[in-house]
Every structure is written in C-alpha cells, then in structure tokens.
Amino acid sequence: MMAGRSILNSYEKVRNVELSEPILTNDAKAGANQMTFQHLDPLPMMPDMEDPDDQFVIDDDGWKKYSQQLRESEGFDIKDYPGAHPGVTVFPRPNYLECPTNVKMMKDYAAQALKLYNQKFDTKYEVNDILKVNGDWCGIYLIFYITFTVINGEKEYFQAKVVRHVGGSLRFSIVRPRANGASGI
C-alpha cells in the first residue's frame with residue numbers, strides 16, 4: 001500500500017495546477033520575462049500490485065462469452081469485450097474507422113487480400129466498404145481482423161486477417177467470405 005500513498009501524495013501536490021500553465025519557481029520570480037516549467041511525471045496506469053483489492057477483475061460470464069466468440073469467429077466478431085486485461089488478445093476498434101487515413105489503409109489491405117483470393121478462385125471481387133476492424137498486437141506484429149463488403153454483381157461480405165510486421169511487410173492468413181453474411185455485424 002506504500003506505493004499507493006506516495007502516488008496520492010504526489011497527486012495532492014499537483015492536482016490544482018493546470019498542466020498548460022507554468023509553475024513559477026524562485027528563478028522565474030526573479031526576472032519578469034523569465035519562466036521555468038516543472039516537469040510532472042504522469043501517474044502510473046497500472047494496479048497497485050501490493051494491494052490485493054486493486055487487481056484486474058473480469059466477470060467470469062463475460063470472459064466465457066468473449067472466449068467463445070473469439071474461438072467461433074477467429075477474432076472477427078467480438079460483441080462481449082471484457083475490457084483491458086492482460087489475457088485479452090483480440091479487441092474491437094470501434095473508433096478506428098473515424099480516421100480517413102485508417103479507412104484508406106484498411107481498404108488497401110483488404111484489396112491486397114482480395115487480389116490473392118481472386119487469383120486463387122478465379123473471381124473478380126472488388127472492395128466496397130470497410131465495416132469494422134478488430135485488432136491485436138504481438139511483439140513486432142500488428143494484426144487486423146477486417147470485415148468488409150465486396151461487389152461482383154451483388155453485395156457480399158468478406159473477412160481478411162492481415163498481419164503487418166513493424167518493418168511494413170504484410171501477410172494475409174485469412175481471406176474468405178463471411179460465413180454469416182450480414183448477420184450480426
């Protein structure tokens with residue numbers, strides 16, 4: 001509990017100071033045009049490991065639902081996300097597609113994956129819209145679980161699992177029509 005108290009004491013000292021305002025020191029008071037800033041360390045974003053009541057907590061029922069959805073959909077369709085926890089591997093990224101750059105990148109990844117699918121099955125699908133993205137990271141890899149629509153006469157639903165190495169290389173480990181069509185998106 002000692003670590004928790006020192007954090008609280010640090011917080012008490014700085015909580016009334018707006019970070020955008022300078023904290024005047026004796027040196028700054030000496031000269032009218034002279035100000036110095038005090039660097040404030042951020043508060044740690046982890047539980048106090050000395051306090052057993054301050055551990056990551058996951059609802060058992062929620063964890064079972066998440067695990068089942070992860071297994072059944074291979075990471076593409078997760079509705080019951082248990083929240084930030086070291087055991088969570090794939091997570092929804094609901095705001096990811098609000099950035100046009102991300103949408104463009106996901107469309108490009110989906111198009112590259114679909115090109116491989118088209119070559120293998122002699123089809124001519126084209127990416128239409130990116131519907132959702134789930135994510136994972138594993139060391140030096142970022143993994144995207146992309147659900148998207150394609151056009152080839154009529155609208156269909158596809159999924160692609162794209163593994164991006166930090167160096168930029170891509171691997172497409174899953175490219176397939178979505179088993180449930182539009183159901184549950």
Side-chain angles (χ1 to χ4, degrees), residues 18-20 42-47 55-185:
E18 289 193 34
L19 294 178
S20 60
L43 296 176
M45 299 300 287
M46 58 179 30
Q55 297 293 317
F56 293 104
V57 178
I58 285 199
D59 170 37
D60 234 14
D61 198 38
W63 188 253
K64 286 176 185 173
K65 287 179 183 177
Y66 168 79
S67 297
Q68 180 182 356
Q69 292 166 8
L70 184 63
R71 269 190 319 276
E72 290 175 358
S73 73
E74 296 182 82
F76 289 96
D77 297 314
I78 297 172
K79 300 222 181 288
D80 295 293
Y81 175 62
H85 182 276
V88 170
T89 54
V90 179
F91 50 92
R93 302 190 73 174
N95 301 323
Y96 194 74
L97 296 175
E98 290 178 9
C99 175
T101 304
N102 292 342
V103 173
K104 183 178 179 196
M105 182 172 60
M106 292 299 108
K107 272 192 170 183
D108 180 55
Y109 290 173
Q112 289 181 57
L114 206 52
K115 181 178 177 185
L116 295 173
Y117 183 90
N118 284 336
Q119 290 171 351
K120 184 174 181 177
F121 294 102
D122 195 31
T123 55
K124 296 185 188 297
Y125 289 111
E126 294 177 25
V127 175
N128 187 30
D129 285 319
I130 304 297
L131 301 177
K132 68 179 178 177
V133 178
N134 289 342
D136 184 11
W137 63 82
C138 181
I140 58 173
Y141 298 98
L142 293 171
I143 303 170
F144 301 97
Y145 299 83
I146 308 168
T147 301
F148 57 100
T149 58
V150 298
I151 47 175
N152 186 21
E154 62 183 66
K155 186 161 106 176
E156 294 182 47
Y157 298 85
F158 265 70
Q159 297 172 320
K161 179 179 177 183
V162 181
V163 181
R164 184 176 79 194
H165 187 274
V166 292
S169 64
L170 298 175
R171 190 176 78 227
F172 306 94
S173 52
I174 296 174
V175 184
R176 65 184 181 206
R178 186 171 186 268
N180 300 335
S183 171
I185 292 181

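Since the structure is predicted, the reported quantities are computational estimates derived from the model, not experimental observations. Side-chain atoms are counted along with the backbone in the values below, which use heavy atoms only and exclude waters and symmetry mates.
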*asked:* side-chain contact (heavy atoms from CB on, under 4.5 Å) for I146 and Q159? Distances and angles first, verdict last.
replied: CA-CA 6 Å; I146 308 168; Q159 297 172 320; over 6 Å; no
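- Annotation: the span from K79 atom NZ to K65 atom NZ amounts to 13.0 Å, rounded to 0.5 Å.
- Residue F76 comes nearest to A160 through the heavy atom pair CE2-O, 3.4 Å, listed as atom of the first residue, atom of the second, then distance.
- Between V162 and R171 the shortest side-chain heavy-atom distance does not fall below 4.5 Å.
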_Verdict with reasoning, F148 to M106, per side-chain contact (heavy atoms from CB on, under 4.5 Å)_ = CA-CA 9 Å; F148 57 100; M106 292 299 108; over 6 Å; no
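- Side chain of T149 to main chain of D129: a donor-acceptor pair is present (N/O by atom type, distance under 3.5 Å, no hydrogens or angles).
- Atom OG of S67 sits about 11.0 Å away from atom CD of E72, to the nearest 0.5 Å.
- More than 12 heavy atoms of other residues, nucleotides or ligands lie within 6.0 Å of CZ in R176, so this atom counts as buried by the packing criterion.
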*For side-chain contact (heavy atoms from CB on, under 4.5 Å), just list the numbers for Q112 and L170, CA-CA rounded to whole Å, side-chain angles, deciding distance to a tenth of an Å, and then say yes or no.*
CA-CA 9 Å; Q112 289 181 57; L170 298 175; 3.6 Å; yes
*asked:* Run Y145 and D136 through side-chain contact (heavy atoms from CB on, under 4.5 Å) and show every step you take.
replied: CA-CA 8 Å; Y145 299 83; D136 184 11; 4.1 Å; yes
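- Salt bridge annotation for D77-R178: present, with a cationic side-chain nitrogen under 4.0 angstrom from a carboxylate oxygen.
- Nearest heavy atoms, I78 versus P92: O-CG, 4.4 Å.
- The two atoms that bring A113 and F172 nearest to each other are CB-CD2, 3.5 Å, heavy atoms only.
- If you check the side chains of E156 and N152, you find no donor sitting under 3.5 Å from an acceptor.
- Residue N134 holds its CG atom at 7.5 Å from OG of S73, rounded to the nearest 0.5 Å.
- I130 CD1 to Y96 OH: the interatomic distance, rounded to the nearest 0.5 Å, is 10.5 Å.
- Taking the six-membered ring for Trp and thresholds of 30 and 60 degrees, W137 and F91 have ring planes more than 60 degrees apart, a perpendicular arrangement.
- The shortest distance between side-chain heavy atoms of Y66 and V90 falls below 4.5 Å.
- Using a 4.5 Å heavy-atom threshold, the side chains of M105 and D108 count as separate.
- I143 CD1 to K161 NZ: the interatomic distance, rounded to the nearest 0.5 Å, is 5.5 Å.
- Atom CG in D61 sits 13.5 Å away from atom CH2 in W63 (nearest 0.5 Å).
- In this structure, P100 and E98 approach most closely via the heavy-atom pair CD-O, 3.5 Å.
- Side-chain contact between N128 and K155: present, with at least one pair of heavy atoms (C-beta onward) separated by less than 4.5 Å.
- In this view, R93 satisfies the side chain to side chain donor-acceptor pair (under 3.5 Å) rule with no residue, not counting sequence neighbours.
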Side-chain donor-acceptor pairs under 3.5 Å in residues 114-122, sequence neighbours left out?
from, atom 1, to, atom 2, distance (Å)
N118, OD1, T123, OG1, 2.6
N118, OD1, Y125, N, 3.1
N118, ND2, L114, O, 3.4
N118, ND2, Y125, O, 2.9

